[in-house]
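Here is the structure we will look at.
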Amino acid sequence: MYPLRKATQLTTGDLDDKALAALYAYPEGQTGVARVRANMIASIDGMATVAGRSGALGSSGDQRLFSVLRALADVIVVGARTAVTEGYGPVRPHPLLGELRTAEGRPAAAALALVSNTLTIPVPGEGDFTLAPSTIVLTCRSAPAGARAQLRDAGATVVDCGDEEVDPAQAIGYLADRGLTQILCEGGPALLGSLLDRDLVDELCVTVSPSVTAGGGKHMTAGSDAVRGMRRAHVLADDEDYLYLRWVRDQE
């Protein structure tokens with residue numbers, strides 16, 4: 001049972017990174033069991049992008065929390081299109097929490113897993129996206145053989161998790177079988193929607209940007225009309241009027 005907290009408004013500047021890490025720690029006693037946490041940013045009216053990217057909605061506080069959540073995870077799962085659009089690179093160790101990870105016998109930084117049905121992922125030397133040799137690519141059997149070979153030649157681990165498209169449950173199962181059970185999903189909306197459709201999201205962290213886009217972007221999720229109940233774990237606020245919400249499964 002996850003201990004829920006009453007709504008609390010705190011200035012994120014009052015919490016150092018260790019305190020933030022403690023506040024967002026994964027529940028204890030779930031060794032070997034996958035726990036999927038999603039982290040997204042959205043405008044007040046629920047849009048996750050402005051001009052095609054989420055970065056325009058962010059702030060220094062959001063980036064700080066983004067870094068802490070990454071430092072807590074075993075693996076970061078993100079849609080390949082989102083990773084390319086946002087200019088992802090190798091996951092860097094957190095300057096403070098990375099040392100705590102190594103003291104626990106964990107790698108200094110989380111692994112990165114890209115989800116793609118088509119494998120339209122730039123290899124080194126193509127575009128601004130940087131493919132780290134240790135990247136895991138979760139794809140499907142119908143993905144092009146040529147792209148599959150290019151990614152493997154670049155050092156990526158390419159894994160089939162479905163026939164015509166990636167099966168989210170198979171993808172999560174593969175990661176958990178590798179011991180990567182503390183899973184952080186960073187979107188995009190289609191990937192998050194597919195995880196919610198399969199009821200695979202255990203908690204959702206949402207940064208609410210103090211802005212209204214009038215529908216000029218992508219909604220935070222994209223999928224079916226299924227409704228998943230969640231309960232509030234905590235609410236943080238900062239001096240820039242951003243809200244940081246953490247929701248957990250309704251039955252916890």
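Just the heavy atoms: all of them, side chains too, but no hydrogens, waters or symmetry mates, feed the values below.
In this structure, the side chains of Asp250 and Met230 stay at 4.5 Å or more apart for every pair of heavy atoms. Taking 4.5 Å as the limit, some side-chain heavy atom of Leu195 sits within range of a side-chain heavy atom of Cys185. Val201 places a side-chain heavy atom less than 4.5 Å from the side chain of Leu192. Contact of the Val158 side chain with the Thr139 side chain is registered, since non-hydrogen atoms from C-beta on lie closer than 4.5 Å. At a threshold of 4.5 Å between non-hydrogen side-chain atoms, the residues Arg64 and Ser59 do not count as touching. In this structure, Leu20 and Leu236 have side chains that are in contact, with non-hydrogen atoms separated by less than 4.5 Å. Residues Val159 and Val137 form no side-chain contact, since every pair of their non-hydrogen atoms from C-beta on lies 4.5 Å or further apart. You'll find the side chain of Pro90 stays beyond 4.5 Å of the side chain of Leu112, heavy atoms only.
Residue pairs meeting the side chain to side chain donor-acceptor pair (under 3.5 Å) criterion with at least one partner in residues 167-178, sequence neighbours excluded, are Asp167-Arg198, Tyr174-Arg178. Among residues at least two apart or in separate chains, salt bridge (Lys or Arg N to Asp or Glu O under 4.0 Å) pairs with a member in residues 130-153 are Arg141-Asp163, Arg148-Asp160.
Closest non-hydrogen pair, Ser194 versus Pro168, comes out as OG-CG, 3.8 Å. Of all heavy-atom pairs spanning Ala176 and Ala34, the tightest one is CB-CB, 3.9 Å. Taking every heavy atom of both residues into account, Thr181 and Val33 meet most closely at CB-O, 3.5 Å. Minimum interatomic distance between Ala233 and Val248 (heavy atoms only, all atoms of both residues): CB-CG1, 4.1 Å. Nearest approach of Leu138 to Ala113, heavy atoms of both residues: CD1-CB, 4.1 Å.
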I'd like to know whether Val77 forms a side chain to side chain contact (heavy atoms under 4.5 Å, CB included) with Leu184, so could you lay out the CA-CA distance, the side-chain angles of the two residues, the decisive distance to 0.1 Å, and finally the verdict. CA-CA 6 Å; Val77 180; Leu184 174 64; over 6 Å; no
Give the intermediate values and the outcome of side chain to side chain contact (heavy atoms under 4.5 Å, CB included) for residues Arg92 and Ser67. CA-CA 9 Å; Arg92 304 295 184 189; Ser67 178; over 6 Å; no
Please lay out, stage by stage, how Thr157 and Thr135 fare under the test side chain to side chain contact (heavy atoms under 4.5 Å, CB included). CA-CA 6 Å; Thr157 300; Thr135 300; over 6 Å; no
Please walk me through it: do Arg231 and Glu203 pass side chain to side chain contact (heavy atoms under 4.5 Å, CB included)? CA-CA 9 Å; Arg231 298 179 63 194; Glu203 60 179 84; over 6 Å; no
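Checking side-chain atoms of Ser209 against main-chain N and O of Leu57 turns up a donor-acceptor pair under 3.5 Å. One N or O on the side chain of Arg101 and one on the backbone of Pro107 form a donor-acceptor pair closer than 3.5 Å. Judged purely by atom type and a 3.5 angstrom limit, Asp74 has no side-chain atom pairing as donor or acceptor with the backbone of Leu180. Between the Gln182 side chain and the Leu72 main chain, a donor and an acceptor come within less than 3.5 Å of each other. Remark: the backbone N or O of Leu196 is paired with a side-chain donor or acceptor of Arg228 at under 3.5 angstrom. Proximity of a side-chain donor or acceptor of Thr82 to a complementary backbone N or O of Gly188 within less than 3.5 Å is detected. Although no hydrogens or angles enter the test, the distance criterion places a donor-acceptor pair under 3.5 Å between the side chain of Asp202 and the main chain of Val36. Judged by distance alone, the side chain of Asp197 and the main-chain N or O of Gly223 form no donor-acceptor pair under 3.5 Å.
One finds the CG atom of Leu114 at 7.0 Å from the CG atom of Leu131 (value rounded to the nearest 0.5 Å). From Cys161, atom SG reaches atom CG of Leu175 across 7.5 Å, with rounding to the nearest 0.5 Å. Arg37 CZ to Tyr24 OH: the interatomic distance, rounded to the nearest 0.5 Å, is 8.0 Å. Expressed to the nearest 0.5 Å, how far CD1 of Ile76 lies from CD of Glu186 amounts to 5.0 Å. Annotation: the span from Asp62 atom CG to Tyr242 atom OH amounts to 7.0 Å, rounded to 0.5 Å. Distance SG/Cys205 to CD1/Ile41: 12.5 Å, rounded to 0.5 Å.
The side-chain contact (heavy atoms from CB on, under 4.5 Å) check on Thr118 picks up Ser116, Thr120, with sequence neighbours excluded. Checked against side-chain contact (heavy atoms from CB on, under 4.5 Å), Ser142 has the following partners two or more places apart in sequence or in another chain: Cys140, Glu164. When the side-chain contact (heavy atoms from CB on, under 4.5 Å) test is applied to Val208, the partners found at least two apart in sequence or on another chain are Ile44, Val206, Leu243, Leu245. Under the side-chain contact (heavy atoms from CB on, under 4.5 Å) criterion, Leu97 pairs with Lys18, Ala21, Val68, Ala71, His94, Leu100, not counting sequence neighbours.
Salt bridge annotation for Asp199-Arg249: present, with a cationic side-chain nitrogen under 4.0 angstrom from a carboxylate oxygen.
Atom CD of Glu104 has more than 12 heavy atoms from other residues, nucleotides or ligands within 6.0 Å.
Counted by atom type alone, Asp238 and Tyr244 present one or more donor-acceptor pairs between their side chains at under 3.5 Å.
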